[in-house]
Each structure stands twice: as C-alpha cells, then as structure tokens.
Amino acid sequence: MTLCGPKASGVVGLLFLHLCYPWDTGCVALSPSSGPLPRPLRLQGPGAATGFLRRLKRSWVWNQFFVLEEYTGNDPLYVGKLHSDVDKGDGNVKYVLSGEGATSIFIIDESTGDIHATKRLDREEQAYYTLRAQALDRETNRPVEPESEFIVKVQDINDNEPKFLDGPYTASVPEMSPLGTSVIQVVATDADDPTYGNSARVVYSILQGQPYFSVEPKTGVIRTALPNMDRETRDEYVLVIQAKDMVGQMGGLSGTTSVTIMLTDVNDNPPRFSHKFYQYTVPESLHVESVVAKIKAVDADLGPNAEMDFRIVDGDGLGTFRISTDQGTQEGVITLQKPLNFEERAIYSLRIEATNRNIDPQFLTLGPFSDTTMVKVAVEDVDEPPVFALHLSEMTVSEAAAVGTIIGTVTAHDPDSANSAIRYSIDRNTDLERYFNIDATTGTISTAKLLDREVNAIHNISIFAMENDPSQIGKGIALVTVTDVNDNAPVFAIEYETFLCESARPGQVIQTVSAVDKDEPLHGHHFFFDLTAQAVDNHNFTLRDNKDNTASILTKRGGFRRQEQSLYRLPILIVDSGSPSLSSTNTLSIRVCRCDPDGVAQSCSAEAYMLPAGLSTGALLAILACIFTLLGKVHTSSLDYQYRSSSP
C-alpha cells in the first residue's frame, strides 16, 4: 500500500516506504512479487515523510505525517493519500481508516484514499494521533493487504505567548546595596514546542523600572542597576518585565508581569535632636523618681536600626537626674533621683547624648551615629511645710519620773525664704492616753501622767509643726523609751501543783521552782530562794537554792500518809537583785498521793476507813479517849505537828 500526497509545492510525487533491518547496509523496496512479506506502503502528501520500519519489541513503527496546527481555512485540510498497488483504479478496492480521531477528526475517501482533517488541531492539546489504514476488497470486504499503522504529528506554530505563572512578584533588597546585587529571578513558560524552531525560546527585558534595576535577558535575574539606593528617599519600586518568544525577534509573542521591590532598612542614619537646647521647669516639691521631661531624637531608620540609648555626659545635675530610654517610644526619659530645693539650687544644666544601639560597621564612614543636646531644668519655688531638724528624735525617761518631767525637745524650721514662725502639737492619735505634752512654741516635750514601763515601754509619738497657714504641716516622730526601775517583786513562774508519793524517801527532790519579774534590770535577773522564817524549822521539807534562778524542794523524812495529812502548804521567799531589792512570799501546795512502783500518782485524796465489824459505840468512844490521853502527854516539841494543817 502506498501513502501519497502532494508536495508542499503542489507537485504530486510518489514516495516509496522502505523496510530496513538494523543489520542491513541498505534498504530494499517491497513489491507484490516479494513473497510473503507485506506489500510496500506508499506515502504521498504535504507532510508525508519517507518512512522506515525498524524492529522494536516484535512490532513495526511507521514514520508519520506532519500537519500544521491551527488551520483556519473553510475546507477540510488535506493530509495525504492512501494507495494500494492492488488498486487498478476500477473501484474494486476501498480504503478504511481507524484509530485516534478517525471519523471524528480525520476522514478518508474510501475510493481514492484521500485523507482530510475536518477540525482545527491544537498541538498543545494533543501533539500526535496514531491511525491504522486498511485496503479492503469492496465485494468481499476482505483485506487485500495487511493493516498498516502510521502517525499524524501536529506540527507546532507559534501560537502561545510566554506566561509568568508565579507572577506578579514581590521581592526586597537592602538599601545602599552595591551595583549588580541580585534581587529575584522571574521565570516565564511558553506552551509551544521547545524542540521545534524558536517558538518557545524566551528572552527577558525590562519595560518599567529603569534606571534603577535591570534584568538578564536569558536567565530573568533582576539586579540593581544603581548603587546606594536610599530607602529614606524612596522605598518601593514597581517593575514591568517582558518575556518574548522567538528569541525576541520581530513577530514573536510576549507576556509581562509586575515585580514590586521593597528597599529594606539598614542603619545608615544617625539619631538627630530637633533642637540643640531644651528647657523645662519643675516644682521643688517634685517627688523622687518622678518624670522631669521626655526628649526625642529622630532617626530616619526603622526598627532595631532606629533604637538608641540616652545618657547624661556632662552638666551639674549628674547625681540629681537620670535618663533612660523608653523602649516603646524611643524617648529619653529624665527622672529625679534626689529631692530638689529651690533655696539651695534653682537651675541645673545637663548635656545629653543619644547613640544608636545597633551600629553597622559597614556604614561607619557615614559619620558618628550619635547626637547631643543641652537640657536646662529650672526649679520652681513652692510654699513648703516646716522641716524637722531630725525626722526621728529618740528620747528616754524613767518610769519613776514625776508628772511634768521634761524629756526632750524637737526643732523644725520653715525652709522657704519667709522663715515663718513654727507651732508644735502632738498627734493625739499616737498618744491616746495623753502621757505627754509639748510646748507649742519651743517644742519641749514633758510627761503629763505617771509612766509604767511594764505597761508600755516605748511610745511612738507623731509631732506636727505648722506655719501660720495650717495647710502646710510638717511631721516628725519622737520615739520615747521608758527606762526601768525595780518596782516589781519576783513571783513563781507558774502556779505549781506538786505531788508527794507516800513512798517518798528522805532527801528526795519533789519539785523545782523558778521565778519571773516584770522588771528588766540592766544585767539580767538574779533571784534568791529561801523558806520563810516560820517554815525554816519544819520537819517535813527543806529548800535548796540552785543559784541559777531555780530552787529545789526536798523531803526531810519519809512515811507520809494521806490518812494523816493529805495537803501541806510550804511558804517560799523569793528576793530579786534590784536596788533596793524586792521580795514576795509564794506558797507551794504539796499533795500526798498513792503512787505506783514507777512513782506515778494514782490517788491523792484522803481515804475513809470503815469501822471493824462488831465494834459498839461505847468501844469506839473508849478508843478515842485513849488517843486524846496519849496526845496530851507528848513533849512540847511535838506541837509542831499541830502546824501541819497550815504550814510544814
């Protein structure tokens, strides 16, 4: 079979398709007499290329037709012609076309074998079509030749303009960048066939943005075209970049995109004060740590590049004022560090410097990144309250002082130039019991009542000092310490409860006592313990002074019985070391108890005894009479036992 078609010049020519094997040094044209091999297929047409068969995985691949895309004529586009050597022109052979686009795009004249394209083709949608050709006997509808496969390739024309798929672009570059600094690369794509002609070969050019920026024609890299562009002068540039195919030649298609370039900030500007001299006025009553003034230096840079530090570099107010940076506003905040006094100094001078915090060494040649200014602070006179010579006056007075005793004097003065007279008074909220008086003219403080150190050892009194204007009141403090005198006798430290076991042995310690004294002698307490005179000679208990402000109570005998006496009262004399010394008698109660083997009291009350069974009343009276007779005959020294109910 032969595929035929007119040449581009319109002259019809026959092209014989040859079959070649890879190892052949030449090709042999096929003919009907060539035995069992397929008959040769002849291709004729404007896009018919001489084709060769090559063996690939046991299949035969035919060369293709070429058809231009985007045909705009009204008639179907002639593609080529199929022709079989069997066809004698008598109409017995018909041609059939199948495969991609058969009947829908490509049609064939079954009698002549002419192939036409009925639709407009677009290479960017489909670049080629695979078709199969068949020559059939018209009467039997049987193939007169084996089916042949061929390709119709859509040939590209320049019908697509370059497009910037990622545009529009945004980029940034530091200000003051050197000439030729790379900023960004733009890329345009062209849907045309990059393997055929120059339809997809793109070059770049800049339509807007000169003379500040340039673009490399082949790569699309945008670079700075001027050195030292200043953000503070202009911070934004909008470029228009064109991409044109056909290597930029006339007739090529083009597309554009915009590129917005922002100049980012660098520290190339120093801070600058708006004025070289500032003056502020503050009252002398301004509190320490208060804000005196805020000054600002202007820096054309942004963010960290505009951050600055302030300091006082000179002047007579170095210790009185301090300056710091407000991190939010970048202002210099001047604050007061010491109280002001118009009468001592009415004006201060400060030389203040503002310096960039983040200096870029690259731009040091642009000059010092600092500036200075002078600040004068005028102190304004105000009517001030009286001021005490001592804010806290410490005084002492004996608790034995008589009413009217002078204990000290406070002094205040008017700090203003008027030097007004001062009157004194006591803030009675701090002296509710009115222990003290003050002389309104002299400030002398005296006692108004008797004092007791043991009730209140320290009096914290507020003293008012007033001028004629009662609104101006000064306040001072008088701290009065009441000193001690020995006016309190020592007593037992606690109320003792002493238990004595019936099984106690002579010389056994049954209690240790201590004492307390409300007084506070300079060298501490020292107490002396002894039995009172009436108890010294008792036969039951004795006392031992331990010389450490304690005393031990010991038994003189054993054999104590609750039935005989359950409670003893022992008077103890305690003497302090004051001058003169004071003493007191304290009674120690001692209760006789029945104890367990470990000496723990079990029962301390006297037990009643039952009468033996069978005793009559007369017998009981006789026993009692004998007892009284015996008691009457006891030696007079035994009379001490009669004292037991009230003393040892």
Side-chain angles (χ1 to χ4, degrees), residues 1-17 30 38-53 59-160 191-193 196:
M1 184 184 291
T2 304
L3 295 173
C4 306
K7 294 183 179 178
S9 62
V11 179
V12 177
L14 294 178
L15 298 175
F16 291 93
L17 188 64
L30 300 178
R39 294 177 180 271
L41 177 62
R42 294 178 182 174
L43 304 166
Q44 291 185 352
T50 300
F52 297 93
L53 285 175
S59 62
W60 302 101
V61 178
W62 295 80
N63 280 358
Q64 63 266 350
F65 281 115
F66 291 91
V67 180
L68 287 177
E69 65 172 335
E70 306 295 348
Y71 172 68
T72 58
N74 295 324
D75 297 326
L77 176 64
Y78 180 65
V79 178
K81 184 180 182 68
L82 291 178
H83 181 72
S84 173
D85 291 344
V86 179
D87 188 359
K88 303 301 182 182
D90 53 8
N92 290 330
V93 176
K94 69 174 182 179
Y95 299 94
V96 178
L97 196 62
S98 63
E100 292 180 307
T103 69
S104 61
I105 298 177
F106 301 101
I107 59 173
I108 189 169
D109 188 316
E110 65 177 21
S111 297
T112 64
D114 292 332
I115 303 172
H116 290 81
T118 61
K119 292 184 178 179
R120 184 177 178 180
L121 302 179
D122 188 349
R123 188 200 67 83
E124 286 69 44
E125 291 183 4
Q126 186 164 344
Y128 63 89
Y129 297 84
T130 302
L131 298 169
R132 292 182 298 279
Q134 183 82 67
L136 304 175
D137 184 288
R138 189 179 293 277
E139 292 183 359
T140 64
N141 211 34
R142 292 181 178 178
V144 297
E145 288 187 16
E147 186 179 63
S148 300
E149 184 178 281
F150 64 96
I151 294 174
V152 177
K153 184 173 183 181
V154 183
Q155 189 169 349
D156 186 45
I157 65 171
N158 189 19
D159 60 341
N160 289 279
D192 291 323
D193 189 354
Y196 181 76

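Of the inter-residue distances, the one linking H116 atom NE2 with D109 atom CG reads 8.5 Å to the nearest 0.5 angstrom. Note: L77 CG to I115 CD1 = 11.5 Å, rounded to the nearest 0.5 Å.
Side chains of Y129 and L121 form a contact here, defined as non-hydrogen atoms less than 4.5 Å apart. At a threshold of 4.5 Å between non-hydrogen side-chain atoms, the residues T130 and E149 count as touching. Contact of the T112 side chain with the K81 side chain is registered, since non-hydrogen atoms from C-beta on lie closer than 4.5 Å. Looking at K119 and P76, their side chains never come closer than 4.5 Å, going by heavy atoms from C-beta outward.
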Check the pair F106 / L131 against side chain to side chain contact (heavy atoms under 4.5 Å, CB included), numbers first and verdict last.
CA-CA 9 Å; F106 301 101; L131 298 169; 4.0 Å; yes
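Q134 places a side-chain N or O within 3.5 Å of a backbone atom of E145 that can act as its donor or acceptor partner. No donor-acceptor pair under 3.5 Å is formed between the side chain of R132 and the backbone N or O of L97. With hydrogens and angles disregarded, no donor-acceptor distance shorter than 3.5 Å links the side chain of E110 to the backbone of K94. Counting only distance, with no hydrogens or angles, the side chain of T118 and the backbone of I105 share a donor-acceptor pair below 3.5 Å.
The shortest heavy-atom contact between S84 and V144 is OG-CG2, 4.4 Å. Closest non-hydrogen pair, V93 versus D87, comes out as CG2-CA, 3.9 Å. Taking every heavy atom of both residues into account, N160 and A191 meet most closely at CG-CB, 3.8 Å. Nearest approach of R138 to G91, heavy atoms of both residues: NE-O, 2.7 Å.
Side-chain contact of D114 with Y95: a donor-acceptor pair under 3.5 Å is absent, judged by distance alone.
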